[in-house]
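Note that the structure is a prediction, hence the values are computed from the model and not measured. Chain letters run A, B, ... following the sequence lines, proteins first and then strands; every chain starts at 1.
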There are 2 protein chains.
Amino acid sequence: MMITRGKLSEQSGCNAETIRYYERIGLLPDPPRSESGYRMYDEEHVSRLRFIQRARELGFSAERVRDLLNLSDSPKQHTRAEVKELTEAHIEEISEKIRDLQKLKKRLDAISSHCDGAMESAADCPILVSLFAKQ
Amino acid sequence: MMITRGKLSEQSGCNAETIRYYERIGLLPDPPRSESGYRMYDEEHVSRLRFIQRARELGFSAERVRDLLNLSDSPKQHTRAEVKELTEAHIEEISEKIRDLQKLKKRLDAISSHCDGAMESAADCPILVSLFAKQ
DNA sequence: ATAAAGCCTGTAGTAAGTACAAGGTCAATA
DNA sequence: TATTGACCTTGTACTTACTACAGGCTTTAT
């Protein structure tokens, strides 16, 4: 049973334009077309799109999703080690982002704490002063 | 003493194209030009650029930097409360990002832990399986 | 029969820059 | 003086991961 793009969008919760986008960048294969040129998707497309959505939700970039799909497309040629490596690398990137944001928050907390937030002229606000200051 | 864009770039560590970009989006005012059309910057530009760089490093979006600059440009018309409010809102956004990434990492750790990372066929790798799985 | 809904393509917009091409200018050297 | 190289100018395109729209065809429902 084949469905149109609108149905696939509805079923998957994925924006219809996004489906077209995934085709353009090669994550989804070009589907066969009806006589009038409408895209017709089957179960394969549905499950591949689900994979893509799942991986994107987990923060994998489109490029990494492509890599994961490649592993999945020829599983006999690849090892679980490869899959785990991609995953662990991604986890490490996220950990690093967390650390960076925590550092940032510390700096911001420190800067913010110097300002009393009073309803008085912003002229000598320590936050603005610290942004302008030399060194 | 006026300096050219290259000098400002060198002095500030800000990419020369980025300076032009900040002018285009209105964070830096259009500088006066030399007879031949070269941009000529003074101390005001230097310190304003420093402000922008500082704020960007702290993760403020260009739009928020614009807001901070507006407060700073007419400090008598504004209160420290406004500056602090912008700052605290930004801190809260960052805190939320941290929480989101921590949730993400938890999910990824859980998924990854199911895979032994063996040098065997990726065919039934639990990571790939979980990405494909219905519900 | 006609109108609405859905599909098609191509294109442009988002954030925050970065990079490059084609050409003008300036300073130093041969 | 001529020329080379470094610098500057503008406009434009590229990046990520979509999203949105215009103009036009097709299908479905009334």
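More than 12 heavy atoms of other residues, nucleotides or ligands lie within 6.0 Å of CD in B:E57, so this atom counts as buried by the packing criterion. Within 6.0 Å of atom CD in B:Q102, more than 12 heavy atoms from other residues, nucleotides or ligands are found, so the atom counts as buried in its surroundings.
Proximity of A:N15 to the phosphate of D:dA17: no side-chain N or O atom is located under 4.0 Å from OP1 or OP2. Taking 4.0 angstrom as the limit, B:T18 places none of its side-chain polar atoms (N or O) nearer than this to OP1 or OP2 of C:dG17. Phosphate proximity of D:dC8 to B:S36: absent, as no side-chain N or O sits under 4.0 Å from OP1 or OP2. Distances shorter than 4.0 Å separate some side-chain N or O of A:R5 from OP1 or OP2 on C:dC8.
Atom CD in A:E93 sits about 14 Å away from atom C1' in D:dT16, given to the nearest Å. Note: CD1 (A:I25) to C1' (D:dT15) measures 13 Å, nearest angstrom. We find that CD1 of B:I3 is positioned 10 Å from P of D:dC8, with the value rounded to whole Å. Summarising the geometry, the separation between OH on A:Y21 and C1' on C:dT14 is reported as 13 Å, rounded to the nearest angstrom. The CD atom of A:E23 sits 13 Å away from the P atom of C:dG10 (whole-angstrom rounding). Rounded to an integer number of Å, the gap from CZ of A:R66 to P of D:dC18 is 13 Å. Remark: C1' of D:dA20 and CD1 of A:I19 are 15 Å apart, rounded to the nearest angstrom. The interatomic distance linking B:M40 (CE) with C:dT25 (P) rounds to 15 Å, in whole Å.
B:R39 comes within contact range of the sugar-phosphate backbone alone, with a heavy-atom separation under 4.0 Å but no base atom that close. At a threshold of 4.0 angstrom between heavy atoms, the contacts of A:Y22 are confined to the sugar-phosphate backbone, with no base atom among them. B:S34 comes within 4.0 angstrom of no nucleic acid atom, judged by non-hydrogen atoms across all strands.
The side chain of A:A62 lies closest to D:dA17 when the candidates are D:dA17, C:dT9, C:dC7. Listed nucleotides: C:dG10, D:dT26, C:dA16. Nearest to the side chain of A:E17: C:dG10.
Nearest-nucleotide positions on DNA chain C for B:F60 and A:T4 put A:T4 closer to the 5' end. If A:E35 and B:R20 are placed on DNA chain D by their nearest nucleotide, the residue sitting closer to the 5' end is B:R20.
Between B:D116 and A:K84, the closest heavy-atom pair is C-CD, 4.4 Å.
Put simply, the residue from B:R107, B:K106, B:K105 that forms a salt bridge (Lys or Arg N to Asp or Glu O under 4.0 Å) with B:D109 is B:K105.
On a pure distance criterion of 3.5 Å, no polar donor-acceptor pair joins the side chain of B:R24 and the base of D:dG11. Checked by distance alone, B:R56 brings no side-chain donor or acceptor within 3.5 Å of a matching partner on the base of C:dG17.
A:R33 contributes atom CZ, which lies 10.0 Å from atom OG of A:S36 (distance to the nearest 0.5 angstrom).
A donor-acceptor distance shorter than 3.5 angstrom exists from the side chain of A:E82 to the backbone of A:T79, with no hydrogens or angles considered.
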